Amino acid sequence: MQLHFQNIAFKFLKLDMKAIIAATILGVAMMFISIVVKNKKTTLTLAAIFLLVLLGVNIWEVMATKKGSFTPEFKNMLLISRDGLWFNTLMTGCSLLYILLVGKEVLKVGSYVAEYFALIFFILCGVYLLTSYNNLLILFIGIEIISIPQYILAGSDKRNLKSSEAALKYFLMGSFSTGILLMGITLLYGSSGSFDLSRLNFVHESSSTMMAVCGVLFMMIAFAFKVSAAPMHLWTPDVYDGAPTPFTAYMATIVKAAAFFAFIKIFQNVFGAMSSHWMMILAIITAATLLIGNVTAVFQQSVKRMLAYSSIAQAGFMLFAVLSNNYIAFQGIFIYAVAYSVATIGVFSVLMKLKDYTYDGFNGLAKKEPMLAFVTTIFLLSLAGIPLTGGFMAKYYMLQAALTQGQLFWLVIFGLLMAAISAYYYFRVIIAMYFKTGTPELTGPVTVSDKLMLAITCILVILLGVAPQLFLNGI
(Lines give C-alpha, C1' and ligand atoms only; values in the text may rest on other atoms or scores of the structure.)
Protein backbone atom coordinates (compact mmCIF):
# COMPACT_ATOMS: atom_id res chain seq x y z
CA MET A 1 0.00 0.00 0.00
CA GLN A 2 2.80 2.43 0.90
CA LEU A 3 4.57 1.65 -2.38
CA HIS A 4 1.34 2.31 -4.27
CA PHE A 5 0.99 5.79 -2.75
CA GLN A 6 4.67 6.50 -3.44
CA ASN A 7 4.11 5.66 -7.10
CA ILE A 8 1.10 7.96 -7.25
CA ALA A 9 3.10 10.79 -5.63
CA PHE A 10 5.99 10.23 -8.05
CA LYS A 11 3.66 10.39 -11.06
CA PHE A 12 2.07 13.58 -9.69
CA LEU A 13 5.49 15.21 -9.34
CA LYS A 14 6.33 14.34 -12.96
CA LEU A 15 3.10 15.74 -14.39
CA ASP A 16 3.06 19.30 -15.76
CA MET A 17 -0.59 19.84 -14.81
CA LYS A 18 -0.14 19.77 -11.05
CA ALA A 19 -2.35 22.81 -10.41
CA ILE A 20 -5.30 21.28 -12.28
CA ILE A 21 -5.06 18.11 -10.22
CA ALA A 22 -4.46 20.04 -6.99
CA ALA A 23 -7.47 22.33 -7.56
CA THR A 24 -9.71 19.31 -8.17
CA ILE A 25 -8.44 17.46 -5.08
CA LEU A 26 -8.81 20.54 -2.87
CA GLY A 27 -12.32 21.17 -4.19
CA VAL A 28 -13.36 17.61 -3.34
CA ALA A 29 -11.65 17.97 0.06
CA MET A 30 -13.75 21.08 0.78
CA MET A 31 -16.90 19.08 0.06
CA PHE A 32 -15.87 16.40 2.55
CA ILE A 33 -15.02 19.11 5.09
CA SER A 34 -18.68 20.15 5.04
CA ILE A 35 -19.49 16.76 6.60
CA VAL A 36 -16.84 16.91 9.33
CA VAL A 37 -16.49 20.63 10.16
CA LYS A 38 -19.63 22.52 11.18
CA ASN A 39 -18.01 25.77 12.32
CA LYS A 40 -18.18 28.35 9.52
CA LYS A 41 -15.10 30.31 10.61
CA THR A 42 -13.03 27.12 10.69
CA THR A 43 -14.23 26.32 7.17
CA LEU A 44 -13.17 29.79 6.02
CA THR A 45 -9.72 29.32 7.56
CA LEU A 46 -9.31 25.95 5.85
CA ALA A 47 -10.38 27.44 2.50
CA ALA A 48 -7.74 30.18 2.84
CA ILE A 49 -5.09 27.58 3.73
CA PHE A 50 -6.08 25.40 0.76
CA LEU A 51 -5.85 28.41 -1.57
CA LEU A 52 -2.42 29.23 -0.15
CA VAL A 53 -1.36 25.65 -0.89
CA LEU A 54 -2.75 25.92 -4.41
CA LEU A 55 -0.87 29.19 -4.91
CA GLY A 56 2.30 27.40 -3.81
CA VAL A 57 1.67 24.67 -6.41
CA ASN A 58 1.21 27.35 -9.08
CA ILE A 59 4.46 29.07 -8.14
CA TRP A 60 6.23 25.69 -8.14
CA GLU A 61 5.00 25.02 -11.69
CA VAL A 62 6.16 28.44 -12.90
CA MET A 63 9.60 28.02 -11.35
CA ALA A 64 9.96 24.57 -12.92
CA THR A 65 9.04 25.74 -16.43
CA LYS A 66 11.44 27.54 -18.75
CA LYS A 67 10.39 30.65 -20.61
CA GLY A 68 9.19 29.89 -24.11
CA SER A 69 8.76 26.17 -23.41
CA PHE A 70 5.60 24.22 -24.29
CA THR A 71 4.83 20.84 -22.78
CA PRO A 72 2.04 18.70 -24.29
CA GLU A 73 -0.08 16.71 -21.86
CA PHE A 74 -3.09 14.41 -22.10
CA LYS A 75 -2.34 13.31 -25.67
CA ASN A 76 -1.64 16.86 -26.81
CA MET A 77 -5.06 18.12 -25.67
CA LEU A 78 -3.31 20.38 -23.16
CA LEU A 79 -0.28 22.51 -23.94
CA ILE A 80 1.37 23.74 -20.76
CA SER A 81 3.27 27.02 -21.18
CA ARG A 82 4.97 29.37 -18.75
CA ASP A 83 2.66 32.18 -19.87
CA GLY A 84 -0.43 30.20 -18.96
CA LEU A 85 1.09 29.03 -15.68
CA TRP A 86 1.92 32.60 -14.71
CA PHE A 87 -1.63 33.70 -15.49
CA ASN A 88 -2.87 30.83 -13.31
CA THR A 89 -0.63 32.04 -10.49
CA LEU A 90 -1.93 35.60 -10.74
CA MET A 91 -5.57 34.46 -10.76
CA THR A 92 -4.98 32.13 -7.81
CA GLY A 93 -3.37 35.03 -5.96
CA CYS A 94 -6.41 37.20 -6.72
CA SER A 95 -8.65 34.37 -5.48
CA LEU A 96 -6.70 34.23 -2.21
CA LEU A 97 -7.08 38.00 -1.88
CA TYR A 98 -10.80 37.57 -2.55
CA ILE A 99 -11.15 34.98 0.24
CA LEU A 100 -9.25 37.14 2.71
CA LEU A 101 -11.29 40.25 1.87
CA VAL A 102 -14.74 38.82 1.22
CA GLY A 103 -14.66 35.45 3.01
CA LYS A 104 -16.54 36.73 6.06
CA GLU A 105 -19.40 37.87 3.84
CA VAL A 106 -19.55 34.46 2.16
CA LEU A 107 -20.33 32.97 5.59
CA LYS A 108 -23.52 35.06 5.72
CA VAL A 109 -24.94 33.85 2.40
CA GLY A 110 -26.22 30.47 3.56
CA SER A 111 -25.52 27.25 5.41
CA TYR A 112 -23.45 25.49 2.74
CA VAL A 113 -20.24 27.44 3.23
CA ALA A 114 -17.81 24.61 2.47
CA GLU A 115 -19.68 23.83 -0.75
CA TYR A 116 -19.39 27.48 -1.84
CA PHE A 117 -15.62 27.35 -1.43
CA ALA A 118 -15.50 23.95 -3.17
CA LEU A 119 -17.21 25.51 -6.18
CA ILE A 120 -14.58 28.25 -6.23
CA PHE A 121 -11.84 25.59 -6.40
CA PHE A 122 -13.66 23.90 -9.28
CA ILE A 123 -13.89 27.27 -11.04
CA LEU A 124 -10.12 27.63 -10.67
CA CYS A 125 -9.73 24.17 -12.22
CA GLY A 126 -11.68 25.48 -15.22
CA VAL A 127 -9.48 28.59 -15.30
CA TYR A 128 -6.38 26.40 -15.50
CA LEU A 129 -7.88 24.45 -18.40
CA LEU A 130 -8.67 27.65 -20.29
CA THR A 131 -5.06 28.80 -20.07
CA SER A 132 -3.66 25.46 -21.28
CA TYR A 133 -6.17 24.08 -23.79
CA ASN A 134 -4.84 22.88 -27.14
CA ASN A 135 -8.08 21.26 -28.24
CA LEU A 136 -11.56 22.63 -28.85
CA LEU A 137 -13.10 19.96 -26.61
CA ILE A 138 -10.90 21.03 -23.67
CA LEU A 139 -11.93 24.63 -24.37
CA PHE A 140 -15.59 23.60 -24.13
CA ILE A 141 -14.99 21.59 -20.94
CA GLY A 142 -13.07 24.47 -19.34
CA ILE A 143 -15.83 26.96 -20.10
CA GLU A 144 -18.48 24.64 -18.69
CA ILE A 145 -16.45 23.97 -15.54
CA ILE A 146 -16.29 27.69 -14.80
CA SER A 147 -19.91 28.30 -15.83
CA ILE A 148 -21.90 25.62 -13.97
CA PRO A 149 -20.56 26.54 -10.48
CA GLN A 150 -21.46 30.17 -11.23
CA TYR A 151 -25.09 29.21 -11.92
CA ILE A 152 -25.18 27.54 -8.51
CA LEU A 153 -23.47 30.43 -6.70
CA ALA A 154 -25.79 32.98 -8.32
CA GLY A 155 -28.81 31.22 -6.81
CA SER A 156 -27.22 30.30 -3.47
CA ASP A 157 -29.21 32.85 -1.42
CA LYS A 158 -32.44 30.86 -1.07
CA ARG A 159 -34.06 33.61 1.00
CA ASN A 160 -33.88 36.10 -1.87
CA LEU A 161 -36.10 35.75 -4.94
CA LYS A 162 -33.75 37.98 -6.92
CA SER A 163 -30.98 35.41 -6.38
CA SER A 164 -33.16 32.60 -7.77
CA GLU A 165 -34.13 34.80 -10.70
CA ALA A 166 -30.48 35.61 -11.38
CA ALA A 167 -29.54 31.91 -11.35
CA LEU A 168 -32.37 30.98 -13.72
CA LYS A 169 -31.61 33.81 -16.11
CA TYR A 170 -27.89 33.05 -16.05
CA PHE A 171 -28.50 29.33 -16.62
CA LEU A 172 -30.87 29.86 -19.56
CA MET A 173 -28.67 32.44 -21.27
CA GLY A 174 -25.56 30.41 -20.50
CA SER A 175 -27.10 27.30 -22.04
CA PHE A 176 -28.00 29.29 -25.14
CA SER A 177 -24.44 30.57 -25.51
CA THR A 178 -23.09 27.06 -24.95
CA GLY A 179 -25.18 25.87 -27.89
CA ILE A 180 -23.69 28.63 -30.04
CA LEU A 181 -20.18 27.66 -28.91
CA LEU A 182 -20.80 24.01 -29.78
CA MET A 183 -22.13 25.03 -33.18
CA GLY A 184 -18.93 26.99 -33.80
CA ILE A 185 -16.79 24.04 -32.70
CA THR A 186 -18.79 21.74 -34.99
CA LEU A 187 -18.28 24.01 -37.99
CA LEU A 188 -14.56 24.30 -37.27
CA TYR A 189 -14.30 20.52 -37.01
CA GLY A 190 -16.20 20.12 -40.26
CA SER A 191 -13.80 22.52 -41.94
CA SER A 192 -10.57 21.06 -40.55
CA GLY A 193 -11.37 17.47 -39.60
CA SER A 194 -9.79 17.94 -36.17
CA PHE A 195 -10.42 19.47 -32.76
CA ASP A 196 -6.68 19.99 -32.24
CA LEU A 197 -5.71 23.66 -32.54
CA SER A 198 -2.37 22.81 -34.13
CA ARG A 199 -4.08 20.81 -36.90
CA LEU A 200 -6.72 23.30 -37.96
CA ASN A 201 -6.21 23.76 -41.70
CA PHE A 202 -7.49 27.32 -42.08
CA VAL A 203 -4.62 29.06 -40.35
CA HIS A 204 -3.82 30.82 -43.63
CA GLU A 205 -6.11 33.33 -45.29
CA SER A 206 -6.22 31.35 -48.55
CA SER A 207 -7.23 28.12 -46.81
CA SER A 208 -10.19 29.52 -44.86
CA THR A 209 -13.58 28.28 -46.05
CA MET A 210 -17.07 29.66 -45.54
CA MET A 211 -17.68 26.91 -42.98
CA ALA A 212 -14.56 27.95 -41.07
CA VAL A 213 -15.54 31.63 -41.16
CA CYS A 214 -19.02 30.83 -39.83
CA GLY A 215 -17.43 28.71 -37.09
CA VAL A 216 -15.20 31.60 -36.05
CA LEU A 217 -18.17 33.99 -35.95
CA PHE A 218 -20.21 31.57 -33.83
CA MET A 219 -17.31 31.25 -31.40
CA MET A 220 -16.96 35.04 -31.28
CA ILE A 221 -20.62 35.38 -30.30
CA ALA A 222 -20.26 32.70 -27.60
CA PHE A 223 -17.15 34.33 -26.15
CA ALA A 224 -18.88 37.73 -26.28
CA PHE A 225 -21.58 36.31 -24.01
CA LYS A 226 -19.02 34.88 -21.57
CA VAL A 227 -17.19 38.22 -21.26
CA SER A 228 -20.48 40.25 -21.29
CA ALA A 229 -19.77 42.16 -24.49
CA ALA A 230 -22.61 43.99 -26.26
CA PRO A 231 -25.11 43.10 -27.54
CA MET A 232 -24.75 39.79 -25.61
CA HIS A 233 -24.50 41.68 -22.32
CA LEU A 234 -28.16 41.86 -21.34
CA TRP A 235 -27.88 39.13 -18.70
CA THR A 236 -25.05 40.87 -16.84
CA PRO A 237 -26.79 43.66 -14.85
CA ASP A 238 -29.64 41.45 -13.63
CA VAL A 239 -27.40 38.50 -12.73
CA TYR A 240 -24.76 40.62 -11.01
CA ASP A 241 -27.42 42.59 -9.15
CA GLY A 242 -29.46 39.56 -8.11
CA ALA A 243 -26.62 37.20 -7.17
CA PRO A 244 -25.24 37.40 -3.60
CA THR A 245 -22.76 40.27 -3.57
CA PRO A 246 -19.76 38.16 -2.43
CA PHE A 247 -20.16 35.91 -5.48
CA THR A 248 -20.79 38.82 -7.83
CA ALA A 249 -17.32 40.06 -6.92
CA TYR A 250 -15.80 36.75 -8.05
CA MET A 251 -17.93 36.31 -11.17
CA ALA A 252 -17.07 39.80 -12.41
CA THR A 253 -13.31 39.45 -11.97
CA ILE A 254 -11.35 36.19 -12.01
CA VAL A 255 -13.90 34.32 -14.15
CA LYS A 256 -14.14 37.11 -16.70
CA ALA A 257 -10.34 37.48 -16.89
CA ALA A 258 -9.95 33.74 -17.59
CA ALA A 259 -12.56 33.89 -20.37
CA PHE A 260 -10.62 36.75 -21.96
CA PHE A 261 -7.37 34.78 -21.81
CA ALA A 262 -9.05 31.89 -23.65
CA PHE A 263 -10.60 34.37 -26.11
CA ILE A 264 -7.23 35.93 -26.91
CA LYS A 265 -5.42 32.60 -27.11
CA ILE A 266 -7.54 31.12 -29.87
CA PHE A 267 -8.09 34.33 -31.83
CA GLN A 268 -4.40 35.26 -31.84
CA ASN A 269 -2.84 31.83 -32.29
CA VAL A 270 -5.39 30.18 -34.60
CA PHE A 271 -7.68 32.76 -36.19
CA GLY A 272 -5.15 35.59 -36.52
CA ALA A 273 -4.33 34.89 -40.18
CA MET A 274 -7.99 35.24 -41.17
CA SER A 275 -8.57 38.41 -39.16
CA SER A 276 -10.00 40.24 -42.18
CA HIS A 277 -13.16 38.12 -41.78
CA TRP A 278 -13.80 39.02 -38.12
CA MET A 279 -11.76 42.14 -37.28
CA MET A 280 -14.37 44.76 -38.21
CA ILE A 281 -17.23 42.82 -36.60
CA LEU A 282 -15.30 42.58 -33.33
CA ALA A 283 -14.32 46.26 -33.56
CA ILE A 284 -18.02 47.20 -33.80
CA ILE A 285 -18.80 44.90 -30.83
CA THR A 286 -16.01 46.61 -28.87
CA ALA A 287 -17.33 50.09 -29.65
CA ALA A 288 -20.90 49.05 -28.74
CA THR A 289 -19.67 47.49 -25.48
CA LEU A 290 -17.82 50.65 -24.49
CA LEU A 291 -20.77 52.86 -25.38
CA ILE A 292 -23.53 50.82 -23.73
CA GLY A 293 -21.49 49.98 -20.62
CA ASN A 294 -20.39 53.53 -19.88
CA VAL A 295 -23.50 55.47 -20.88
CA THR A 296 -25.88 53.12 -19.04
CA ALA A 297 -23.70 53.17 -15.91
CA VAL A 298 -24.17 56.94 -15.70
CA PHE A 299 -27.91 56.56 -15.04
CA GLN A 300 -27.73 53.89 -12.32
CA GLN A 301 -28.76 54.72 -8.75
CA SER A 302 -27.40 51.53 -7.18
CA VAL A 303 -23.61 51.32 -6.87
CA LYS A 304 -23.78 47.54 -7.25
CA ARG A 305 -25.70 47.86 -10.51
CA MET A 306 -23.33 50.62 -11.61
CA LEU A 307 -20.42 48.23 -11.07
CA ALA A 308 -22.24 45.67 -13.23
CA TYR A 309 -22.40 48.10 -16.14
CA SER A 310 -18.86 49.19 -15.32
CA SER A 311 -17.75 45.58 -15.81
CA ILE A 312 -19.30 45.68 -19.30
CA ALA A 313 -17.34 48.85 -20.05
CA GLN A 314 -14.13 47.26 -18.74
CA ALA A 315 -14.80 44.27 -21.01
CA GLY A 316 -14.85 46.72 -23.91
CA PHE A 317 -11.31 47.79 -23.09
CA MET A 318 -10.15 44.20 -22.68
CA LEU A 319 -11.49 43.46 -26.17
CA PHE A 320 -8.68 45.69 -27.49
CA ALA A 321 -6.32 42.83 -26.62
CA VAL A 322 -8.25 40.43 -28.87
CA LEU A 323 -8.38 42.95 -31.71
CA SER A 324 -4.73 44.01 -31.57
CA ASN A 325 -3.15 40.57 -32.04
CA ASN A 326 0.37 41.54 -30.88
CA TYR A 327 2.68 40.95 -27.93
CA ILE A 328 1.80 44.26 -26.26
CA ALA A 329 -1.82 43.10 -26.12
CA PHE A 330 -0.73 39.77 -24.66
CA GLN A 331 1.21 41.55 -21.93
CA GLY A 332 -1.63 43.97 -21.42
CA ILE A 333 -4.20 41.30 -20.62
CA PHE A 334 -2.04 40.15 -17.68
CA ILE A 335 -1.90 43.70 -16.29
CA TYR A 336 -5.56 44.36 -16.99
CA ALA A 337 -6.72 41.08 -15.46
CA VAL A 338 -4.89 41.73 -12.20
CA ALA A 339 -5.57 45.48 -11.98
CA TYR A 340 -9.26 45.11 -12.73
CA SER A 341 -9.70 42.09 -10.45
CA VAL A 342 -7.89 43.61 -7.46
CA ALA A 343 -9.64 47.00 -7.69
CA THR A 344 -13.09 45.48 -8.26
CA ILE A 345 -12.76 42.99 -5.40
CA GLY A 346 -11.64 45.90 -3.21
CA VAL A 347 -14.68 48.02 -4.12
CA PHE A 348 -17.07 45.13 -3.54
CA SER A 349 -15.48 44.37 -0.16
CA VAL A 350 -16.23 47.95 0.94
CA LEU A 351 -19.71 47.87 -0.61
CA MET A 352 -20.59 44.79 1.43
CA LYS A 353 -19.83 46.66 4.64
CA LEU A 354 -22.65 49.13 3.88
CA LYS A 355 -26.34 48.43 4.35
CA ASP A 356 -27.39 50.83 1.60
CA TYR A 357 -26.00 50.08 -1.87
CA THR A 358 -27.21 53.35 -3.40
CA TYR A 359 -25.00 56.41 -3.87
CA ASP A 360 -26.69 57.97 -0.85
CA GLY A 361 -25.41 55.07 1.22
CA PHE A 362 -21.88 56.43 0.72
CA ASN A 363 -22.74 59.98 1.86
CA GLY A 364 -20.36 61.09 4.63
CA LEU A 365 -18.35 57.85 4.68
CA ALA A 366 -15.08 59.83 4.83
CA LYS A 367 -16.04 61.27 8.22
CA LYS A 368 -17.32 58.04 9.75
CA GLU A 369 -14.71 55.63 8.30
CA PRO A 370 -11.87 57.60 6.66
CA MET A 371 -9.89 54.43 5.97
CA LEU A 372 -12.75 52.86 3.99
CA ALA A 373 -13.28 56.09 2.05
CA PHE A 374 -9.58 56.40 1.18
CA VAL A 375 -9.13 52.85 -0.13
CA THR A 376 -12.43 53.05 -2.03
CA THR A 377 -11.15 56.22 -3.70
CA ILE A 378 -7.96 54.46 -4.81
CA PHE A 379 -9.93 51.50 -6.19
CA LEU A 380 -12.32 53.76 -8.10
CA LEU A 381 -9.46 55.87 -9.47
CA SER A 382 -7.89 52.67 -10.76
CA LEU A 383 -11.12 51.58 -12.45
CA ALA A 384 -11.35 55.04 -14.02
CA GLY A 385 -7.78 54.75 -15.34
CA ILE A 386 -6.19 57.62 -13.39
CA PRO A 387 -2.33 57.73 -13.49
CA LEU A 388 -0.26 56.01 -10.76
CA THR A 389 -2.86 53.24 -10.46
CA GLY A 390 -3.02 49.79 -12.01
CA GLY A 391 -6.06 50.73 -14.07
CA PHE A 392 -4.11 53.46 -15.86
CA MET A 393 -1.35 51.07 -16.91
CA ALA A 394 -3.94 48.48 -17.95
CA LYS A 395 -5.70 50.93 -20.26
CA TYR A 396 -2.34 52.21 -21.50
CA TYR A 397 -1.30 48.72 -22.60
CA MET A 398 -4.63 48.16 -24.35
CA LEU A 399 -4.54 51.46 -26.23
CA GLN A 400 -0.85 51.07 -27.10
CA ALA A 401 -1.52 47.59 -28.48
CA ALA A 402 -4.36 48.97 -30.64
CA LEU A 403 -2.16 51.78 -31.96
CA THR A 404 0.62 49.29 -32.76
CA GLN A 405 -1.87 47.16 -34.66
CA GLY A 406 -2.32 50.15 -36.97
CA GLN A 407 -5.96 49.89 -38.10
CA LEU A 408 -7.80 50.87 -34.93
CA PHE A 409 -6.98 54.55 -34.45
CA TRP A 410 -10.67 55.50 -34.58
CA LEU A 411 -11.45 52.96 -31.89
CA VAL A 412 -8.63 54.28 -29.68
CA ILE A 413 -10.11 57.79 -29.85
CA PHE A 414 -13.55 56.40 -29.07
CA GLY A 415 -12.11 54.42 -26.14
CA LEU A 416 -10.53 57.57 -24.68
CA LEU A 417 -13.86 59.37 -24.94
CA MET A 418 -15.62 56.52 -23.15
CA ALA A 419 -12.93 56.50 -20.44
CA ALA A 420 -13.69 60.17 -19.82
CA ILE A 421 -17.39 59.34 -19.40
CA SER A 422 -16.53 56.56 -16.94
CA ALA A 423 -14.83 59.09 -14.69
CA TYR A 424 -18.25 60.66 -14.04
CA TYR A 425 -19.90 57.68 -12.36
CA TYR A 426 -16.74 56.65 -10.48
CA PHE A 427 -16.19 60.17 -9.15
CA ARG A 428 -19.84 60.34 -8.19
CA VAL A 429 -19.10 57.84 -5.41
CA ILE A 430 -16.01 59.79 -4.32
CA ILE A 431 -18.02 63.01 -4.18
CA ALA A 432 -20.66 61.28 -2.05
CA MET A 433 -18.03 60.08 0.43
CA TYR A 434 -16.16 63.37 0.82
CA PHE A 435 -18.48 66.22 -0.10
CA LYS A 436 -21.96 65.13 0.97
CA THR A 437 -23.32 64.89 4.47
CA GLY A 438 -24.85 61.74 5.83
CA THR A 439 -24.44 58.89 8.29
CA PRO A 440 -23.78 55.67 6.38
CA GLU A 441 -24.99 52.52 8.10
CA LEU A 442 -22.49 49.67 8.33
CA THR A 443 -23.34 46.00 8.54
CA GLY A 444 -20.83 45.60 11.38
CA PRO A 445 -17.61 46.98 12.84
CA VAL A 446 -14.57 47.40 10.58
CA THR A 447 -11.90 45.28 12.25
CA VAL A 448 -8.14 45.75 12.24
CA SER A 449 -7.75 42.73 9.95
CA ASP A 450 -10.25 44.29 7.52
CA LYS A 451 -8.24 47.50 7.42
CA LEU A 452 -4.98 45.60 7.00
CA MET A 453 -6.28 43.59 4.03
CA LEU A 454 -7.75 46.69 2.41
CA ALA A 455 -4.43 48.48 2.86
CA ILE A 456 -2.57 45.58 1.20
CA THR A 457 -5.07 45.62 -1.68
CA CYS A 458 -4.61 49.37 -2.05
CA ILE A 459 -0.81 48.95 -2.17
CA LEU A 460 -1.20 46.31 -4.88
CA VAL A 461 -3.29 48.71 -6.99
CA ILE A 462 -0.62 51.41 -6.70
CA LEU A 463 2.21 48.93 -7.29
CA LEU A 464 0.52 47.85 -10.53
CA GLY A 465 0.52 51.48 -11.59
CA VAL A 466 4.14 52.32 -10.82
CA ALA A 467 5.86 48.97 -11.46
CA PRO A 468 3.71 46.86 -13.82
CA GLN A 469 6.75 44.86 -14.99
CA LEU A 470 6.77 43.04 -11.65
CA PHE A 471 3.59 41.29 -12.77
CA LEU A 472 5.07 40.38 -16.16
CA ASN A 473 8.27 38.71 -14.93
CA GLY A 474 6.67 35.28 -15.21
CA ILE A 475 6.09 35.47 -18.98
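Treat the numbers as computed from the prediction; the structure is a model and nothing was measured.
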Quiz item: Below 4.5 Å, heavy atoms only, C-beta onward: do Phe330 and Asp83 meet side chain to side chain?
Solution: yes
Exercise. Using modelled atom types only, decide if a donor and an acceptor are shared between the side chain of Lys40 and the backbone of Leu107 within a distance under 3.5 Å.
Key: yes
Quiz prompt | Within-4.5 Å side-chain heavy-atom neighbours: Met220 and Phe271 | solution = no
Quiz item: Between Tyr336 and Ala329, is there a donor-acceptor pair closer than 3.5 Å when you use the side chain of the first and the backbone of the second?
Solution: no
Self-check item: Nearest-0.5 Å distance, OG of residue Ser132 to CG of residue Asn88
Solution: 5.5 Å
Exercise. Please answer whether the main-chain N or O of Gly385 pairs with a side-chain N or O of Thr389 as donor and acceptor at a distance below 3.5 Å.
Key: no
Quiz item: When you look at OH of Tyr396, are more than 12 heavy atoms from neighbouring residues, nucleotides or ligands closer to it than 6.0 Å?
Solution: no
Quiz prompt | Test side chain to side chain donor-acceptor pair (under 3.5 Å) applied to Thr245 and Lys108, Glu105, Lys304, the passing residue | solution = Lys304
Exercise. Would you confirm whether Lys395, through its side chain, and Leu383, through its main-chain N or O, come within 3.5 Å as a donor-acceptor pair?
Key: yes
Quiz item: Does Trp235 use its side chain to pair, donor to acceptor, with the backbone of Tyr240 at less than 3.5 Å?
Solution: no
Quiz prompt | Sole candidate of Phe267, Phe223, Phe87, Trp86 that passes ring-ring contact (aromatic ring centres under 6.0 Å, His included) when paired with Phe261 | solution = Phe87
Exercise. Output, in order, the C-alpha distance, side-chain angles, deciding distance and verdict of side-chain contact (heavy atoms from CB on, under 4.5 Å) for Leu197 and Leu136.
Key: CA-CA 7 Å; Leu197 299 190; Leu136 294 175; 3.7 Å; yes
Practice problem: In plain terms, say whether Glu165 and Lys162 are close enough for a salt bridge, that is, a side-chain N and a carboxylate O under 4.0 Å apart. | Solution: no
Exercise. Give, for atom OG1 of Thr404 and atom CD1 of Ile328, the distance between the pair rounded to the nearest 0.5 Å.
Key: 3.5 Å
Self-check item: Contacts of type side-chain hydrogen bond (donor to acceptor under 3.5 Å, both in side chains), residue Tyr426, not counting sequence neighbours
Solution: Ser310, Gln314
Exercise. Would you indicate whether Phe374, at its atom CZ, is surrounded by more than 12 heavy atoms from other residues, nucleotides or ligands within a distance under 6.0 Å?
Key: no
Self-check item: Heavy-atom side-chain contact between Leu119 and Tyr112 under 4.5 Å
Solution: no
Exercise. Provide the closest heavy-atom pair for Pro244 versus Ser163 in the form atom of the first, atom of the second, distance.
Key: CD-OG, 3.7 Å
Exercise. Give a yes or no on whether Met183 atom CE has more than 12 heavy-atom contacts from other residues, nucleotides or ligands under 6.0 Å away.
Key: no
Exercise. Check each of Phe121, Phe247, Tyr250, Phe122 against Tyr116 using the ring-ring contact (aromatic ring centres under 6.0 Å, His included) test, and report the only one that passes.
Key: Phe247
Practice problem: Output, in order, the C-alpha distance, side-chain angles, deciding distance and verdict of side-chain contact (heavy atoms from CB on, under 4.5 Å) for Val102 and Phe348. | Solution: CA-CA 8 Å; Val102 183; Phe348 271 105; 5.7 Å; no
Quiz prompt | Donor-acceptor contact below 3.5 Å, side chain Thr131 vs main chain Ala262 | solution = no
Exercise. Of all the heavy-atom pairs spanning Leu454 and Lys353, show the shortest one and how long it is.
Key: CD1-CE, 4.5 Å
Quiz item: Heavy-atom distance under 4.5 Å between the side chains of Met219 and Leu188, does that happen here?
Solution: yes
Quiz item: Counting only heavy atoms not in Leu472, do more than 12 fall under 6.0 Å of its CG?
Solution: yes
Quiz item: Do Tyr98 and Ser341 meet the criterion of a side-chain donor-acceptor pair at a distance under 3.5 Å?
Solution: no
Identify every side-chain donor-acceptor pair in residues 284-296 under 3.5 Å, counting partners at least two apart or on other chains, and give the distances.
residue : atom : partner : partner atom : Å
Thr286  : OG1  : Leu282  : O            : 2.8
Thr289  : OG1  : Ala230  : N            : 2.9
Thr289  : OG1  : Ile285  : O            : 2.6
Asn294  : OD1  : Tyr425  : OH           : 2.6
Asn294  : ND2  : Leu290  : O            : 2.8
Thr296  : OG1  : Ile292  : O            : 2.5

Quiz item: Is the shortest heavy-atom distance from the side chain of Val429 to the side chain of Met306 under 4.5 Å?
Solution: yes
Quiz item: Atom CE of Met173 and atom NZ of Lys226: how far apart are they, to the nearest 0.5 Å?
Solution: 10.5 Å
Practice problem: Measure the shortest side-chain to side-chain distance between Met453 and Leu97 over non-hydrogen atoms and say whether it is less than 4.5 angstrom. | Solution: yes
Quiz item: For the residue pair Met30 and Ala118, what are the closest heavy atoms and their distance?
Solution: CB-CB, 3.7 Å
Exercise. Any chance you could measure Glu61, atom CD, to Ile80, atom CD1, to the nearest 0.5 Å?
Key: 7.0 Å
Practice problem: Identify the two heavy atoms, one from Ala19 and one from Asn58, that lie closest to each other, and give their separation to 0.1 Å. | Solution: CB-OD1, 3.8 Å
Quiz item: Atom CG of Leu130 and atom CD1 of Ile146: how far apart are they, to the nearest 0.5 Å?
Solution: 5.0 Å
Quiz prompt | Side chain proximity check, Leu354 to Leu365, heavy atoms < 4.5 angstrom | solution = yes
Quiz prompt | Over all atoms of both residues, closest heavy-atom pair of Ile254 and Ser95 | solution = CG1-OG, 4.0 Å
Quiz item: Got a donor-acceptor contact below 3.5 angstrom from the Arg305 side chain to the Thr358 backbone?
Solution: no
Exercise. Verify side-chain contact (heavy atoms from CB on, under 4.5 Å) between Leu54 and Tyr128, making sure each step is shown before the conclusion.
Key: CA-CA 12 Å; Leu54 187 57; Tyr128 300 159; 3.3 Å; yes
Exercise. First locate atom CG of Leu217, then atom CD1 of Ile180, and finally report the distance between them rounded to the nearest 0.5 Å.
Key: 12.0 Å
Exercise. Decide side-chain contact (heavy atoms from CB on, under 4.5 Å) for Asn363 and Thr437; before the verdict, give the C-alpha distance in whole Å, the side-chain angles of both, and the deciding distance to 0.1 Å.
Key: CA-CA 6 Å; Asn363 289 350; Thr437 57; over 6 Å; no
Quiz item: Taking the side chain as C-beta and beyond, is there a heavy-atom pair between Asn134 and Leu78 under 4.5 Å?
Solution: no
Quiz item: Just by distance, do the side chain of Lys355 and the backbone of Met352 share a donor-acceptor pair under 3.5 Å?
Solution: no
Self-check item: Over all atoms of both residues, closest heavy-atom pair of Val62 and Arg82
Solution: O-NH1, 2.7 Å
Self-check item: Exam field: side chain Ser382 to backbone Ile378, donor-acceptor pair closer than 3.5 Å
Solution: no
Exercise. Would you check if there is a donor-acceptor pair between the side chains of Tyr309 and Gln300 at a distance under 3.5 Å?
Key: no
Quiz item: For Gly174, does its backbone N or O pair with a side-chain atom of Ser177 as donor and acceptor, under 3.5 Å?
Solution: yes
Practice problem: Inspect the surroundings of CG in Leu161 and state if more than 12 heavy atoms from other residues, nucleotides or ligands are less than 6.0 Å away. | Solution: no
Quiz item: Who passes side-chain hydrogen bond (donor to acceptor under 3.5 Å, both in side chains) against Glu144, sequence neighbours left out?
Solution: Thr178
